[in-house]
Amino acid sequence: MDVFVARSLDEIRFWSRIMKEHALFLGLGFRAEDTQLKSEANRFYTIFENIERRSHEYQMDADPNMIKDFNTEVRVATTNIWAFKRMVLGLILQCKLPGGTNFPLLVDHVSREANYFRNRLDELNSGTLEPLPDAIIDENVFFLKIMADHAKFIGHLLDPSERKLVDQAKEFSNDFDTLMFQAADLSSMRPQSQTVPLLSQFVDENRVSVKSLRDFKKTARDLIEECRIKSIIHPLLADHVFREAERFLYILDMFDQSLSGVKVNKREILHS
């Protein structure tokens, strides 16, 4: 099996679905009169739905050159949806979409994920992999912010009468803000901070918190699907944030294995 092909398809299968769902969520948050923005969001939904479908049609023994071309094509689409998201963010921050329900932080959040995805595709195609110690810090800096944002969104989209769940979401938000600052500190202390004991402790501590948040998201998702709690959270959004927590956990597990001396393919770690 070609590792480049496997990692490329894994990234595209996961992130194209995420991009498709971003388009759906943005579209739901526009006002009825924002017909052009809704139309553009629908167009991106179709583009990434098609990319996702095609990614599952490729086999692991596909020609690497063909996959490289596919990566390039997906990168263009991802750059375009990133630009759309940043444009929408500008409109919201200039108060040009009053009454819409897309939080500015949510739009910024989904644009950061698009930027992460296109950077991944660039790294895969160019074969420029970060050294493992840098990858451990950078992946955590990125994903800890994503998890902190998720906790904030959940807290704001639950009905205010769900006091206990709102408080839990707030606790997770504070926990991940703290972890995020710790990650930023470890990052600014580079390269001296990149010792195995420090990185190992960093990964372990983050993993404990991510597992707790993942379990909270799973419970919330199940309760929302069964209509057992009051919220304005779309069931697909609940599943969406759960899948991203699972993704982060998978990456942390790979880092943990590599730091424990288990032989793991470095490309597989960096592009999980």
Side-chain angles (χ1 to χ4, degrees), residues 1 3-4 6-15 18 108-152 169 171-218 241-272:
M1 182 182 72
V3 176
F4 166 75
R7 291 269 59 85
S8 295
L9 292 177
D10 174 66
E11 291 287 346
I12 293 174
R13 286 169 183 171
F14 180 82
W15 287 107
I18 296 293
D108 176 59
H109 174 101
V110 297
S111 77
R112 274 182 270 124
E113 291 186 349
N115 194 49
Y116 172 93
F117 182 27
R118 67 173 176 175
N119 286 343
R120 269 282 167 272
L121 294 168
D122 279 343
E123 288 173 4
L124 281 162
N125 269 12
S126 65
T128 52
L129 302 179
E130 270 194 314
L132 183 61
D134 286 325
I136 289 174
I137 290 178
D138 292 340
E139 288 286 305
N140 277 277
V141 167
F142 171 77
F143 271 106
L144 289 170
K145 168 75 170 151
I146 294 298
M147 297 298 117
D149 291 349
H150 285 172
K152 292 173 179 63
E171 282 175 28
F172 277 116
S173 170
N174 292 337
D175 184 25
F176 278 89
D177 280 349
T178 300
L179 292 174
M180 205 170 64
F181 284 125
Q182 286 182 193
D185 290 339
L186 199 66
S187 177
S188 69
M189 293 179 192
R190 282 191 266 195
Q192 288 80 3
S193 62
Q194 291 170 311
T195 67
V196 170
L198 284 178
L199 292 176
S200 184
Q201 171 62 20
F202 176 62
V203 168
D204 285 347
E205 186 177 3
N206 292 344
R207 200 170 62 187
V208 170
S209 291
V210 177
K211 275 185 178 169
S212 296
L213 180 61
R214 187 270 315 267
D215 293 344
F216 173 71
K217 287 174 173 178
K218 185 178 186 300
V241 298
F242 167 74
R243 273 181 274 124
E244 289 188 1
E246 287 270 83
R247 184 79 174 180
F248 186 20
L249 264 182
Y250 175 68
I251 291 170
L252 288 171
D253 285 343
M254 298 291 278
F255 285 149
D256 186 56
Q257 286 178 29
S258 68
L259 290 167
S260 303
V262 176
K263 296 223 172 190
V264 179
N265 184 296
K266 191 163 84 166
R267 185 185 286 270
E268 193 171 332
I269 297 165
L270 300 186
H271 297 287
S272 303

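Hydrogens, waters and symmetry mates play no part in the numbers below; they use all other heavy atoms, side chains included.
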Between [atom1] of [X] and [atom2] of [Y], what distance do you get to the nearest 0.5 Å?
{"X": "I146", "Y": "H109", "atom1": "CD1", "atom2": "NE2", "result": "4.0 Å"}
{"X": "I136", "Y": "L198", "atom1": "CD1", "atom2": "CG", "result": "11.5 Å"}
{"X": "I12", "Y": "F117", "atom1": "CD1", "atom2": "CZ", "result": "5.5 Å"}
{"X": "M180", "Y": "D149", "atom1": "CE", "atom2": "CG", "result": "7.5 Å"}
{"X": "E139", "Y": "I137", "atom1": "CD", "atom2": "CD1", "result": "12.0 Å"}
{"X": "R247", "Y": "F14", "atom1": "CZ", "atom2": "CZ", "result": "5.5 Å"}

When you look at K145 and E113, which way does the salt bridge (charged side-chain N to carboxylate O under 4.0 Å, His left out) test go after all the steps?
CA-CA 11 Å; K145 168 75 170 151; E113 291 186 349; over 6 Å; no

Should M254 and I251 be marked as a side-chain contact (heavy atoms from CB on, under 4.5 Å) after you check the CA-CA gap, both sets of side-chain angles, and the distance that decides it?
CA-CA 5 Å; M254 298 291 278; I251 291 170; 5.7 Å; no

Any chance you could lay out the side-chain contact (heavy atoms from CB on, under 4.5 Å) test for L186 and L199, step after step, and finish with the verdict?
CA-CA 9 Å; L186 199 66; L199 292 176; 4.2 Å; yes

Between [X] and [Y], is there a donor-acceptor pair closer than 3.5 Å when you use the side chain of the first and the backbone of the second?
{"X": "S173", "Y": "A169", "answer": "no"}
{"X": "S200", "Y": "L259", "answer": "no"}
{"X": "D256", "Y": "L252", "answer": "no"}

Can you list everything that forms a side chain to side chain donor-acceptor pair (under 3.5 Å) with S187? Sequence neighbours excluded, please.
R190

With sequence neighbours left out, what residues match E244 under side chain to side chain donor-acceptor pair (under 3.5 Å)?
H150, H240

Within residues 171-185 or reaching into it, pairs that qualify as salt bridge (charged side-chain N to carboxylate O under 4.0 Å, His left out) - sequence neighbours excluded:
K152-D177

List the steps, then state whether side-chain contact (heavy atoms from CB on, under 4.5 Å) holds for F202 with N140.
CA-CA 9 Å; F202 176 62; N140 277 277; 3.5 Å; yes

Which of F176, Y116, F255, Y250 passes ring-ring contact (aromatic ring centres under 6.0 Å, His included) with F143? Answer is Y116

Kindly give the heavy-atom pair with the smallest separation between Q192 and T195, and that separation in Å.
O-CG2, 3.8 Å

Salt bridge flag under 4.0 Å for residues K211 and D215
no

For E246, the option from K218, R214, K217 that meets salt bridge (Lys or Arg N to Asp or Glu O under 4.0 Å)
R214

Pair D108, R112 - check salt bridge (charged side-chain N to carboxylate O under 4.0 Å, His left out), show working.
CA-CA 6 Å; D108 176 59; R112 274 182 270 124; 3.0 Å; yes

